[in-house]
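Have a look at the structure below, then the notes.
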Amino acid sequence: MMASETRFILITGASNGIGKDSTHALVSASPNNHVIMGVRNMDKGQAVLKELQARNPQGTLSLVHLDVTNDDTISAAVKTIDSDFGRIDVLVNNAGVHFGLPASRENLRATFETNVFGPMLLTQSCESLLRKSKDPRVINVSSILGSINRRTDPSWLYYQVPADQYQMSKAALNMLSACQNFHYKDFGCKVWSFCPGFVVTDLTGAEDRQNRINRGAESSETSARGILEIVEGKRDGEVNQFVERYGKVSPW
Ligand SMILES: NC(=O)c1ccc[n+]([C@@H]2O[C@H](COP(=O)([O-])OP(=O)(O)OC[C@H]3O[C@@H](n4cnc5c(N)ncnc54)[C@H](OP(=O)(O)O)[C@@H]3O)[C@@H](O)[C@H]2O)c1
């Protein structure tokens with residue numbers, strides 16, 4: 001990408017946690033970065049947009065209504081981005097949900113709708129806009145909890161963590177990354193699964209934040225830095241892989 005060219009980055013779930021911090025990291029990193037914040041709740045999105053703009057970032061921001069479980073918002077968002085910007089250089093499929101056990105048909109469906117079907121259908125809808133980029137990239141925000149290799153290793157740090165629906169959904173998301181690698185290599189689109197690490201967010205409820213801190217969770221700014229590194233080409237040597245922060249690569 002030419003130094004002076006704008007890089008259009010669409011990130012889902014930009015209204016909270018890792019998505020919000022990543023939006024801030026990306027828009028602060030370069031005057032050429034334009035971050036399109038995909039949010040399901042426009043009131044919350046407007047407030048976050050205002051907050052991030054008040055920090056005077058170098059780059060620019062815009063907001064689009066995007067609920068990854070809703071096909072109408074997906075097609076309307078893609079149409080708006082097409083007419084406003086004409087392409088997408090980076091798609092970050094970040095929006096995600098986590099429900100505890102026991103599983104129910106309802107929470108299984110909700111988990112897969114957001115964590116798997118959303119990223120697949122949104123990326124498919126964005127394909128024509130990604131094809132217009134000189135350096136297209138897709139980052140699927142996964143979790144090490146989705147690694148079958150780790151799940152079957154009794155010595156693993158998180159072996160005792162019971163999160164079956166979530167783990168299944170992130171394993172499926174990892175397969176989506178592999179399938180996207182296969183389908184999109186013809187136009188040079190790079191795809192990664194990225195684990196943002198165990199960080200303090202509202203993923204398991206605002207009331208669980210202190211528990212996360214007590215258990216050693218780091219700041220979600222560390223996840224944002226990991227996403228920025230991928231966008232900036234620092235993990236190009238590990239394309240098609242399941243990467244973590246701090247230069248690490250995870251087994252699938
Ligand atoms: N936190 C961790 O330790 C951790 C570890 C591994 C992986 N991850 C992954 O990181 C990603 C971000 O999670 P987080 O930790 O930042 O959690 P979070 O604080 O709960 O943020 C989740 C974001 O996703 C949005 N979202 C949820 N459902 C959506 C939908 N249907 N359409 C559009 N947006 C939706 C939320 O919107 P609202 O603001 O409207 O609620 C929120 O902005 C997830 O994919 C998660 O699985 C997190």
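For ligands, and for the atoms within them, numbers begin at 1 and follow the listed sequence. Hydrogens, waters and symmetry mates are skipped; everything else that's a heavy atom, side chains included, is used.
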Which of the listed options, [options], holds the heavy atom that is closest to [atom]?
{"atom": "atom 24 (O) of ligand 1", "options": "Ala206, Ala95, Ala217", "result": "Ala95"}
{"atom": "atom 21 (O) of ligand 1", "options": "Asn16, Ile74, Asn93", "result": "Asn16"}
{"atom": "atom 14 (P) of ligand 1", "options": "Asp202, Leu66, Thr201", "result": "Thr201"}
{"atom": "atom 27 (C) of ligand 1", "options": "Glu244, Lys170, Arg40", "result": "Arg40"}

Are a donor atom and an acceptor atom from the side chains of [X] and [Y] found within less than 3.5 Å of each other?
{"X": "Ser142", "Y": "Asn174", "answer": "yes"}
{"X": "Asn181", "Y": "Lys190", "answer": "no"}
{"X": "His34", "Y": "Thr60", "answer": "yes"}
{"X": "Ser22", "Y": "Asn94", "answer": "no"}

Practice problem: With side chain to side chain contact (heavy atoms under 4.5 Å, CB included) as the test, would you mind laying out the steps for Lys20 and Met37 before giving the verdict? | Solution: CA-CA 9 Å; Lys20 178 181 170 186; Met37 303 167 60; over 6 Å; no

Is the shortest distance from a heavy atom of [X] to ligand 1 less than 4.0 Å?
{"X": "Arg212", "value": "yes"}
{"X": "Cys195", "value": "no"}
{"X": "Thr114", "value": "yes"}
{"X": "Gly197", "value": "yes"}

For [atom], what's the nearest protein heavy atom and its distance?
{"atom": "atom 16 (O) of ligand 1", "result": "Ile18 N, 2.8 Å"}
{"atom": "atom 12 (C) of ligand 1", "result": "Asn94 OD1, 3.2 Å"}
{"atom": "atom 43 (O) of ligand 1", "result": "Ser15 OG, 3.0 Å"}
{"atom": "atom 25 (C) of ligand 1", "result": "Gly13 CA, 3.6 Å"}

Please could you name the atoms of ligand 1 that [X] approaches to less than 4.0 Å, counting only its heavy atoms?
{"X": "Lys44", "result": "38 (P), 39 (O), 41 (O)"}
{"X": "Ser143", "result": "6 (C), 7 (C)"}
{"X": "Gly17", "result": "16 (O), 19 (O)"}
{"X": "Phe198", "result": "3 (O)"}
{"X": "Val68", "result": "30 (C), 31 (N), 32 (N), 33 (C)"}
{"X": "Tyr166", "result": "6 (C), 7 (C), 8 (N), 9 (C), 46 (C), 47 (O)"}

Self-check item: Working for side-chain hydrogen bond (donor to acceptor under 3.5 Å, both in side chains), residues Asn16 and Lys44
Solution: CA-CA 9 Å; Asn16 214 65; Lys44 186 172 178 185; 3.3 Å; yes

Exercise. For ligand 1, indicate whether the residue Glu113 contacts it via side chain, backbone, both or neither (heavy-atom separation under 4.0 Å).
Key: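 It is neither part, as no heavy atom is under 4.0 Å.
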
Quiz item: Between Ser220 and ligand 1, which residue portion shows a heavy-atom distance shorter than 4.0 Å: side chain, backbone, both, or neither?
Solution: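 Neither; nothing of Ser220 gets under 4.0 Å from ligand 1.
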
Quiz item: Can Ser220 and Asp21 be said to form a side-chain hydrogen bond (donor to acceptor under 3.5 Å, both in side chains), step by step?
Solution: CA-CA 7 Å; Ser220 46; Asp21 282 347; 2.6 Å; yes

Exercise. If the plane angle is over 60° it's perpendicular, under 30° parallel, otherwise tilted; pick one for Phe198 and Tyr158.
Key: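 Geometry flag for Tyr158 against Phe198: perpendicular rings.
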
Exercise. Report, as yes or no, whether the 6.0 Å neighbourhood of atom CZ on Phe187 holds more than 12 heavy atoms from other residues, nucleotides or ligands.
Key: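 Yes, because the 6.0 Å sphere around CZ of Phe187 holds more than 12 heavy atoms from other groups.
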
Self-check item: Ion pair Asp236/Lys234, N-O distance below 4.0 Å
Solution: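 Lys234 and Asp236: not salt-bridged.
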
Quiz prompt | CE on Met175 to CG on Asn140, rounded to 0.5 Å | solution =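 One gets 13.0 Å once the value is rounded to the nearest 0.5 Å.
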
Quiz item: Are the side chain of Trp192 and the backbone N or O of Arg235 linked by a donor-acceptor pair below 3.5 Å?
Solution: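 Answer holds: yes.
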
